[in-house]
Amino acid sequence: MSGSQLWDDVDDYFTSQLSPDDDALRAALTDNAAAGLPDIGVTAAQGKFLQLLAQVQGAHHILEIGTLGGYSTIWLARALPEDGRLISLEYSAKHAEVATRNIARAGLDRIAEVRVGPALESLPKLADENPAPFDLVFIDADKANNAHYVEWALRLTRAGSLIVVDNVVRGGRVLDAGSTEPDVVGTRAAIELIATHPRLTGTALQTVGHKGHDGFALARVLA
């Protein structure tokens with residue numbers, strides 16, 4: 001059995017036991033595929049991981065940067081209490097339209113909203129609203145701007161908040177200090193920011209499975 005097939009099989013086993021899907025999640029994936037959205041979202045196991053992180057945080061307010069079709073949004077929003085709030089920022093109007101339908105079908109449109117536009121334009125507007133600090137920020141957008149998104153996350157959070165950055169391994173390309181690829185440059189900048197910023201402490205974990213060789217960075221906001 002090849003390594004990648006083994007990863008997939010283990011992923012399937014853990015998913016079947018610990019993060020089984022339901023009608024809303026299945027419909028979201030079906031609609032995402034029908035709309036031609038790229039298959040780059042989180043897996044079920046990763047979605048459950050994010051949900052558990054939000055629950056451990058006792059999150060009432062979540063910010064997601066990068067919605068795609070709303071699959072991860074559903075997992076995260078399900079961790080919130082009835083009076084919780086999730087704001088998800090999505091560059092593509094087409095993706096946002098699909099995500100909004102998926103979120104509504106899951107019965108979560110009362111607490112989760114999708115805002116359309118480049119995140120680096122949406123974030124200053126969000127800050128101007130002076131929202132309650134976000135307890136968890138999930139960053140899964142264009143990787144070139146990862147460090148900028150971490151900086152904005154710091155402005156919109158509080159001591160004890162958690163920042164999660166997805167896709168930080170890039171199939172191992174993150175090791176290439178001389179790379180000029182925007183996704184690698186942006187990801188390395190985010191890792192270095194987490195490593196050196198006085199208000200952050202963090203780590204990164206590699207993952208394998210249906211999404212290949214990748215991983216998450218996690219950073220806790222300090223006082």
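Numbering of residues begins at 1 and proceeds along the displayed sequence. Just so it is clear, the structure is predicted and the values come from calculations on it, not from any experiment.
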Query raised in the report: Is a donor on one side and an acceptor on the other found under 3.5 Å between the side chain of Asp140 and the backbone of Gly66?
Result: no
Report summary line: Distance col, row Leu63:CG vs Leu89:CG, nearest 0.5 angstrom, shows 5.5 Å
**Report entry** Donor-acceptor under 3.5 Å (Lys48 side chain, Leu18 main chain)
**Finding:** yes
Query raised in the report: Is a side-chain N or O of Asp22 found less than 3.5 angstrom from the main chain of Leu25, in a donor-acceptor match?
Result: yes
Query raised in the report: Is there a donor-acceptor contact under 3.5 Å from the side chain of Glu90 to the main chain of Leu68?
Result: yes
Query raised in the report: Side chains of His60 and Pro81: does their closest heavy-atom pair fall under 4.5 Å?
Result: yes
Report task. Sequence neighbours left out, what pairs pass salt bridge (Lys or Arg N to Asp or Glu O under 4.0 Å) with at least one residue falling in residues 191-209? Result -> Arg188-Glu192
Report task. Measure the spacing between CD1 of Ile163 and CG of Leu193 and express it to the nearest 0.5 Å. Result -> 8.5 Å
Query - Parallel, tilted or perpendicular, as decided by the 30° and 60° cut-offs, for the rings of Phe216 and Phe49 - result: tilted
Query - Close side-chain approach of Leu50 to Val42, heavy-atom, < 4.5 Å - result: yes
Query raised in the report: Between Glu64 and Ser72, does any side-chain donor sit less than 3.5 Å from a side-chain acceptor?
Result: yes
Query - Point-to-point distance, once rounded to the nearest 0.5 Å, from CZ of Arg101 to CG of Asp31 - result: 6.0 Å
Query raised in the report: Can Asn102 and Asn32 be counted as having a side-chain donor-acceptor contact under 3.5 angstrom?
Result: yes
Query raised in the report: Linking I/L/V/M/F/W/Y whenever their side-chain heavy atoms sit closer than 4.5 Å, directly or via other members, would Ile103 and Val98 fall into one cluster?
Result: no
Query raised in the report: Which pair of non-hydrogen atoms, one from Gln55 and one from Ala79, has the smallest distance, and what is that distance?
Result: CG-CB, 3.7 Å
Report task. Any chance you could measure His210, atom NE2, to Asp39, atom CG, to the nearest 0.5 Å? Result -> 10.5 Å
Query raised in the report: Would you say the side-chain atoms of Thr67 pair up with the backbone N or O of Gly70, donor to acceptor, closer than 3.5 Å?
Result: no
**Report entry** Separation of Lys125 NZ from Glu121 CD (nearest 0.5 Å)
**Finding:** 6.0 Å
**Report entry** Main-chain N/O of Arg158 paired with Ser161 side-chain donor or acceptor, under 3.5 Å
**Finding:** yes
Query - From OG1 (Thr187) to CD (Glu181), nearest 0.5 Å - result: 11.5 Å
